[in-house]
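Read the structure below first, then the notes.
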Amino acid sequence: MREILIISGKGGTGKTSLTAAFAHLSGSKIICDLDVDAPDLHLLLQPRHEREVEFHAGNEARIEQAGCTGCGTCEEMCRFNAIRRKDDALFIVDPIRCEGCKVCVAFCPEQTISFPEKHCGTWYISSTRFGPMVHAQLFPGEENSGRLVSLLKSEARELARENNIDLILSDGAPGVGCPVISSLSGAHCAVLVTEPTPSGRHDLKRVAALCDHFHIRAGVIINKADINPDEARIIEQYCREKDYPLLAKLPHDPVITEAMVKARAVTELEKTEIGENIRQAWEKIEKFAR
Amino acid sequence: MIISVASGKGGTGKTTVTSSLSAVWDRPLLAVDLDVEEPNLHLFLHPELGTPVKAWMEVPELDAEICTLCRDCVELCQFTAISIMISALTLHTDMCHGCGGCIAVCEQDALRPGRRELGVIHQGQAGEIDYLMGTLRIGEAMSPPFMEQIKKRMREVILETKQDVIIDAPPGVSCPAICSVIDSDVIVLVTDATPFGFHDFKLAWESFSPLDKPMGVVVNRAGLGTHDIYDFCKEKNIPVLAEIPFDRSIAEAYSRGQLIADVSEELGTVFSSLREKIRALAGDFQEEVGHA
């Protein structure tokens, strides 16, 4: 089974618009949105939910006020500043800051801190016009995005096995932290989407270093390449030096936004130049992922 | 006053806004880049940075000779950072959240404080602007504990100087984003009017609303996308503080590392007006709280 992950380091370089186009162009596959924090792929693919499951992960401390003597052990031991004294000298947990580490629960001499499981979001198996899709929405402000990403990946793999599908196409999150690290685990290769700006280049280098760190092959797409041809050339040079194949150079084209407004993949629109470029890019990616 | 510049979606223009707003803000000012996964503000403010300082987090270290394999630490750890494999305690310190529970619970003192590198903190000077940033170590998954250390440094600095702070926050609406905006007095949300921008803006608004802080919006690439964002802001009573037009010359200036406020007189005015509106937003909110 091949797992192709589209990531970028920097946000807003065009990951999701390109993933939607690749989903349109590719044959049989499972589509996966691994940006569980701020997912957008569903806006283009308009999935119909076939299965909807609550995502529970981690726990949250809650001080049962009746048993609290105000001794302060919990406050002293909490490393996350999540425990505060209330006006009446008892303590409460700030759920936004609580890390779910259980230290206060374990050390409360009165054993008056409960530790209920948290409901952090919802995940879905859906059908789309391009095939089955696995995706999720973490509740705003929630933690455990890494665990949710791992769960989506294993669901996608199972679905692929059941249906004899040998490709998983995933849209990842920006950055190089927890959810991105999670999404790289077991990936066959990564497609790094960048743009010719100082931020684009800086962030590309970091996300490429992350791929190297986990020994995952990476290829590069320079999107909006004509915004700054000199900067695009510097990025090309960098890719040659580091042996990251350049998979495509795409122009800056407002038709991408047009497609977004119409909830379409850009390759679904009437023949466009960028659509043709993306078609060629996908052919290269397929070869790269072999 | 601490101002956080945040967004749900990445690439909407947080750094564009932070850099130009910093340029027109009154001095003294501390600019902080809390997007530790992909810090970019320095590429536009060009600070001279001092010697980087490594930031560490406490993780356990094992003295296997003393360990009795009692399992107390294994059972307490919520992050699968400790396990027993072939009758030996094994630490997976990259999974550790640094809660200190295992060290506290170990009666034999077989676990002691060790450390894991989170990243490096840089401090410097961008002209008259004081500058602070952190760069997460490649391979490190946890940004919030690192951000906490940068915020601690930030508080030390402003305790002395009492200066205003502008924070460039990471994208998203989960723990790292909350960690950056939670201590600020005003949140400026940067979005574009595309369907993606609008969708993630709603998530960010929903995520930050419980913090009960004054929030305003900067619409970037205005003219591109749809009108939904304006209708939503009107309905929810969220002030639109500024609009930056969609213009290829702005994208080109950004791609050369230029400050947008310097591109034209009109854009300079957009940012000085934004500065006044942020001050007013913070002031009104203070008054409301005072009257309540």
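Only a predicted model underlies this, so the values are computations on that prediction, with no experimental measurement involved.
For a residue to count as touching a neighbouring chain, one of its non-hydrogen atoms must lie under 4.5 Å from one of that chain's; by this rule A:S182 does not touch chain B. Residue contact with chain B, scored on non-hydrogen atoms closer than 4.5 Å, involves the backbone and the side chain of A:I227 alike. At a 4.5 Å heavy-atom cutoff, A:F139 makes no contact with chain B through either its backbone or its side chain. For A:P196, the part lying under 4.5 angstrom from a heavy atom of chain B is the backbone only. In this structure, no portion of A:N81 lies under 4.5 Å from any heavy atom of chain B. Proximity to chain B (any heavy atom under 4.5 Å) is restricted, for A:E195, to the side chain, taken from C-beta onward. Proximity to chain B (any heavy atom under 4.5 Å) is restricted, for A:L43, to the side chain, taken from C-beta onward.
Contact detail for B:L224 and B:A193: the closest heavy-atom pair is O-CB, 3.3 Å. Contact detail for B:L136 and B:S143: the closest heavy-atom pair is CD1-CA, 4.1 Å. Summarising the geometry of A:E143 relative to B:C175, their closest heavy-atom pair is CG-SG, 3.7 Å, with the distance given to 0.1 Å.
Both tests hold for A:K205 against A:Y238: distance to the six-membered ring centre under 6.0 Å, angle to the ring axis within 45°.
Inspection of the A:Y124 and A:D33 side chains reveals no N or O donor paired with an N or O acceptor under 3.5 Å. No side-chain N or O of B:S255 forms a donor-acceptor pair with one of A:T197 less than 3.5 Å apart. For the 3.5 Å distance criterion, the side chains of B:S83 and B:H92 qualify, holding a donor opposite an acceptor. Under 3.5 Å, the side chains of A:S199 and A:K10 contain no donor-acceptor pair of N or O atoms.
The choice from B:S207, B:P195, B:G257, B:G100 that makes the most heavy-atom pairs within less than 4.5 Å of chain A is B:P195. Contacts with chain A were tallied for B:V36, B:I138, B:L203; B:I138 has the most, counting heavy-atom pairs under 4.5 Å. The residue among B:A251, B:G139, B:G8 with the most heavy atom pairs within less than 4.5 Å of chain A is B:G139. Here B:E38 is the residue among B:E38, B:E37, B:K9, B:E140 with the most heavy-atom pairs under 4.5 Å with chain A. Between chain A and the residues B:L41, B:T12, B:I182, B:T226, the most heavy-atom pairs under 4.5 angstrom are made by B:I182. For the options A:G177, A:A173, A:P179, heavy-atom pairs under 4.5 Å to chain B are most numerous at A:G177. The greatest number of non-hydrogen atom pairs below 4.5 Å with chain B, out of A:V207, A:L44, A:D35, is found for A:L44. In terms of heavy-atom pairs under 4.5 Å with chain A, the best-connected choice from B:C102, B:P39, B:G225 is B:P39.
Aromatic pair B:H199/B:F196: ring centres not closer than 6.0 Å. Annotation: B:H122 is not in aromatic contact with B:H42 [ring centroid separation under 6.0 Å not met].
Within residues 70-78 of chain B, the residues having any heavy atom closer than 4.5 Å to a heavy atom of chain A are B:L76, B:Q78, listed by residue number. Taking non-hydrogen atoms and a 4.5 Å limit, the residue list of residues 94-101 of chain A in contact with chain B, ordered by number, reads A:I96, A:R97, A:E99, A:G100, A:C101. Within residues 146-154 of chain A, the residues approaching chain B closer than 4.5 Å by heavy atoms are, in numerical order, A:R147.
Qualifying side chain to side chain donor-acceptor pair (under 3.5 Å) partners for B:S174, counting only residues two or more places apart in sequence or in other chains: A:D37.
Of the inter-residue distances, the one linking A:F55 atom CZ with A:H119 atom NE2 reads 9.5 Å to the nearest 0.5 angstrom.
Shown are B:D168, B:D35, B:N40, B:D33; of these, the side chain to side chain donor-acceptor pair (under 3.5 Å) with B:T15 is made only by B:D168.
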